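Please read all numbers here as calculations on a predicted model, not as lab measurements.
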Amino acid sequence: MKQKLWLWIFLLCSFPAFAQKADVRGRVVDDLSESPIAGVLVILRGNNQTAYTDDNGRFLFCGVNEGEDVLVFNAADINPAEEPVIIPVSGTFDTGDIRITRKPTDNLSFTATIDEIQRAMEDDDAGGLSQDVSAMVIFSNDIFLKNAGYQFSQFRYRIRGYQSRFEERYINGVNFNDQVRGVFNYASVGALNDMTRNGDAVNYFAPSAYSFGSIGGSENINMRAGNYARGGKATISLTNRNYYVRAMASYSTGMQDNGWAVSASIGGRYSDEGNIDGVFYRNISYAFGLEKELNNHRISFMTFGSPVERGQQSASVQEAYDLVDDNLYNPNWGYQNGKKRNARVVKSYDPTGILSHIWRIGEYTTLTSGVGVHYSRYGSTALSWYNGPDPRPDYYRYLPSYHSENQTAFDYYTYLWKQSGKDNISQVNWDRMWEANYINNTEGDGSAIYMVEERRRDLFEAALNSTLNTQFSERVKLTAGIGLKNSLSKQFKTVDDLLGAQYLLDTDKFAERDFPGDEQTVQNDLERSGRRVYEGDVFGYDFRFRVNSADIWFQQEHSYRYIDFYFGSKLKYSEFQREGKMRNGRYPDSSFGKGKKHRFTDYALKGGLTYKISGRHFITGNISYQTAAPLVDNVYISPRITDQTPENTESMSIFSSDINYVFSLPNLAGRISLFNTNFYDDMMRYSYYHDSERTYVNHLLSGVNKIHRGIELGVNYKLNDAWNFDFIGSIAEYYYSNNPEGVISYENGKESGMAETVYMTDYYLGGTPQAMGTIGINFFYDYWFLNLNINGFARNYVEISPLRRLASNYTGVVPPEANGFDEQLYNAYRTLTDQERFGSGHTLDFSIGKIWYLPNRNSVNFNLTVNNLLNREDIRTGGYEQARINLDYPERFASKYYYMQGINFFFNMSYRF
């Protein structure tokens, strides 16, 4: 079998091509810093071949003809350049380091959502290139993704409507999407911009050199010490966003003659209070890396972390914003001892270590392996109360609208909301909570009526990835890899602050109300009934998720004169299990110890074809089908207190396809795409407080089908060497396409496993605009740069609440002209099930900057960015429907919103030495 395989490879890949012609290789570096530049389009003009630089700045042409030729270098962030070469008859011709002048760029982003490098084809050959080019070079600098990922992040725009779990993130070849939520934690690299700029991004499911890919794209951040140029950089930034000041400093030795490289960075972000009342930000970050180069091996170690403490803003109802006349109203804070205190504070710390190894096995074969270890400490505080009024200032009973039938009460609450000083009820009243606890200490049992709890979601993960890259011939390339990952998620809550109380009784307050006198049901832990807990103690719930996975994959790329194509497949095994550390009184038989182990075997297939109409015009199509195990976070009905899951737990299926027209003319380049993605049998879990039942509820939906389809347009027009213009837009629709089954479980034990159909067909997914566009004006001359973007968005919907759409809620509702028609009931039904659509909005972003070159290759640069100049009124950019159901008073159902800030700025100055 092995002999047949190698014979097939030999016939397919034409090995003799390597022996008969020469190879050309080189490295593109920044003329100032000498750091490698990734994503540069390199054209070998006479041979009609193209390549693009990897994350080390290297490029390679295989099997080229001898003689004089010209290398052409183009990318959005460099000044175009040409380099004449003389190619030998055979062997390898190495150009060495080719220095390129880089345009200055610096912004708040860690990297662009998909790819920070903009496509800019600026070849002088009016006749155009031949068909003998690599189309993936065009897509690696996709103008649509670069602009949509950065310009529309402020609108919570998601590329093609995909969730973040469908975007893969790697560091030094190791995958860092966690296995519980499926996402990458960007906070773990906060204020480490200088260490995270080098990388390689792949659009959608296209072939990559480090992973099988995903429908949302993938990105590998190169943080190996040897990849940073020798020198240092110091940066100071001022802004009026979540933090006010950012400082960073980094230094790298570069790869020295003894084969060692060292890199280090430290940074921080701070504000005593940001642009929103009660919100603060305290962060310090660090990174340290070592690398050793020995013959054909490179061994590197990198560690980094970014501990942060920040106050949060919460959404509120429209009525509250109107009452205080402030769209940035934050209900989380109040005065305590004359100082602002936020009830919702996040404390997180994600120390990470990565050991990686690159082995150049041969001239055209490389094996890259890495092991990453990651620990995440994440805690979020919140108010909790028992036998006392709700302390949240925007609780609906404290709003004037709740008293609309009593004019006196309505006027009184309106007066209280609009008053200043101690009579104002729009903020948290810390003194009143301390007073209630003090009275209970002296006249009651000393148990806390009010307290602050910290909800913890800690995670330990270890991952291994190994990838083989080999070039069979100048036409055929194979990439294959394996991945292993082990995760342990610890979820529990602790007593953060008793607010002067003596202790807290570890029982469920909602169960005590609904099961009076039942001493077993009310216990959070039957192993320690009647337990008193104190500050720092674990209480309420305590459980673990153990998740393991293993995958193996390959992809093969073929490139010919008129056609390129690729194909690949992936096989993945995953398992997870819940382990309870408390025996809950509501679920004594399914809450404690190790639960059922859930196992899934999934696969993925993908392929793509590109037809080269000419060297500047391409038609390409991509198609993929995959199954994916449900996220452990979405499987359990009430994971805090029971191991119960739906009976039909299964993998979801995803079918995705797109067709694209890509063009690259001397002054005009871009892409037009049609895409369609179908999701089948997804699982979703909603957790909320059910006001009618007066308890927390978990609502798990299974068998959810969704459709994402639309059009994308991205065009760049180059007027001359100084001016160019961007035109970006997308019109799409993301909606639910069936009525799934839902299971409701009350955490007080009153009801469990209530299965019922939820009407969701044709409702839109919320939380992201489904239409958007931007016009960008870009100027660069003599190291002055200016960018102006006018952005617009529309078709943004509130995410629906399944509880409003239960089939049983509307059994008595009949359409007009039918027997038994009730107009009031029918109108209430229409009001409750209608999906709110936000209005459209627009913003303007303006940036200006300059870079000065000093002696000894040092430089100073600054840039100023101002956002949302046209946005005089704040824009509602997300939200959800409240869960309450009351057919008698449908007007009480307001939606909750998040608001953009009206105008913000970012000033940055850096010194490179």
Side-chain angles (χ1 to χ4, degrees), residues 155-156 276-279 311-334 342-344 382-383 385 389-407 409-420 424-429 686-697 699 766-767 796-805 828 830-839 841 873-902:
F155 308 135
R156 295 178 174 85
I276 297 173
D277 287 343
V279 172
Q312 290 186 298
Q313 178 195 19
S314 288
S316 190
V317 294
Q318 183 64 53
E319 183 180 1
Y321 295 120
D322 294 339
L323 286 167
V324 298
D325 193 26
D326 183 6
N327 283 338
L328 298 182
Y329 165 65
N330 180 16
N332 287 342
W333 67 274
N342 196 315
R344 289 188 172 269
L383 290 173
W385 60 98
D390 194 319
R392 296 171 299 175
D394 57 347
Y395 181 50
Y396 76 97
R397 291 176 182 266
Y398 305 150
L399 296 172
S401 62
Y402 181 74
H403 308 276
S404 57
E405 297 178 0
N406 185 330
Q407 188 63 43
F410 180 89
D411 294 340
Y412 175 68
Y413 276 93
T414 302
Y415 165 81
L416 292 179
W417 269 87
K418 292 183 175 294
Q419 284 300 299
S420 59
N424 182 276
I425 64 171
S426 64
Q427 303 302 149
V428 175
N429 194 321
Y686 296 82
S687 298
Y688 49 82
Y689 180 77
H690 194 307
D691 193 77
S692 299
E693 296 294 336
R694 299 168 65 192
T695 186
Y696 282 97
V697 167
H699 198 169
N796 191 15
Y797 296 87
V798 175
E799 181 62 35
I800 62 174
S801 169
L803 185 62
R804 288 199 190 185
R805 293 160 180 84
R830 292 291 301 271
T831 300
L832 289 170
T833 59
D834 181 60
Q835 185 174 20
E836 183 180 358
R837 174 174 168 174
F838 294 134
E873 294 184 2
D874 299 283
I875 299 174
R876 293 173 282 188
T877 60
Y880 58 91
E881 294 178 339
Q882 289 183 328
R884 293 179 58 242
I885 293 294
N886 190 322
L887 295 178
D888 295 326
Y889 301 101
E891 68 274 8
R892 292 184 187 168
F893 296 96
S895 297
K896 292 192 174 183
Y897 305 129
Y898 291 98
Y899 281 84
M900 287 178 50
Q901 156 182 8

Determine the minimum heavy-atom distance between His403 and Phe410, stating which atoms define it. O-CB, 3.5 Å
Atom pair CG (Leu399) and OG (Ser426), whose distance is rounded to the nearest 0.5 Å: 11.0 Å
Check: Arg156 side chain, Gly767 main-chain N or O, donor-acceptor pair, under 3.5 Å: no
Hey, are the side chains of Asp390 and Tyr398 touching, using non-hydrogen atoms and a 4.5 Å cut-off? yes
Any side-chain to backbone donor/acceptor pair from Arg397 onto Tyr402? Under 3.5 Å, distance only. no
I'd like to know if the side chain of Asn796 and the backbone of Phe838 have a donor-acceptor N/O pair within less than 3.5 Å. no
Just wondering, are more than 12 heavy atoms of other shown residues or ligands nearer than 6.0 Å to OH in Tyr412? no
Side-chain heavy atoms of Val317 within contact of Tyr396, under 4.5 Å: no
Do you know which two heavy atoms are closest between Asp322 and Lys418, and how far apart they sit? O-NZ, 4.3 Å
Measuring from atom OG of Ser314 to atom CD1 of Ile276, what distance do you get when rounded to the nearest 0.5 angstrom? 10.5 Å
What are the two closest heavy atoms between Ser316 and Pro331, and how far apart are they? CB-CG, 4.5 Å
Holding to ring pair (Phe, Tyr, Trp, His ring centres under 6.0 Å), I want the full list of residues that pass it with Tyr686, two or more places apart in sequence or in another chain. none
Return the orientation label for the Tyr329 and Trp417 ring planes: parallel under 30°, perpendicular over 60°, tilted otherwise. perpendicular
Could you tell me whether a side-chain N or O of Asn342 sits under 3.5 Å from a main-chain N or O of Gly278, the two making a donor and an acceptor? yes
Return the minimal non-hydrogen interatomic distance between Arg805 and Thr833, and the atom names on each side. NH2-O, 3.1 Å
Is a side-chain N or O of Gln313 found less than 3.5 angstrom from the main chain of Asp277, in a donor-acceptor match? no
Could you tell me if the side chain of Asp411 sits less than 4.5 Å from the side chain of Tyr415, heavy atoms only? no
Distance-minimising heavy-atom pair for Gln427 and Gly334: CB-CA, 4.2 Å
Could you grab the distance from atom OH of Tyr413 to atom CG of Asn406, nearest 0.5 Å is fine? 10.5 Å
Residues which pass side-chain contact (heavy atoms from CB on, under 4.5 Å) with Pro391, listed by chain and number, not counting sequence neighbours: Leu383, Trp385, Met433, Tyr450
My understanding is that only one of Asn429, Ile425, Val428 makes a side-chain contact (heavy atoms from CB on, under 4.5 Å) with Pro393; could you say which? Val428
A side-chain contact here means heavy atoms from C-beta on lying under 4.5 Å apart; do Pro400 and Glu319 qualify? yes
Taking atom CD of Gln835 and atom CD of Glu799, what is their separation to the nearest 0.5 Å? 7.5 Å
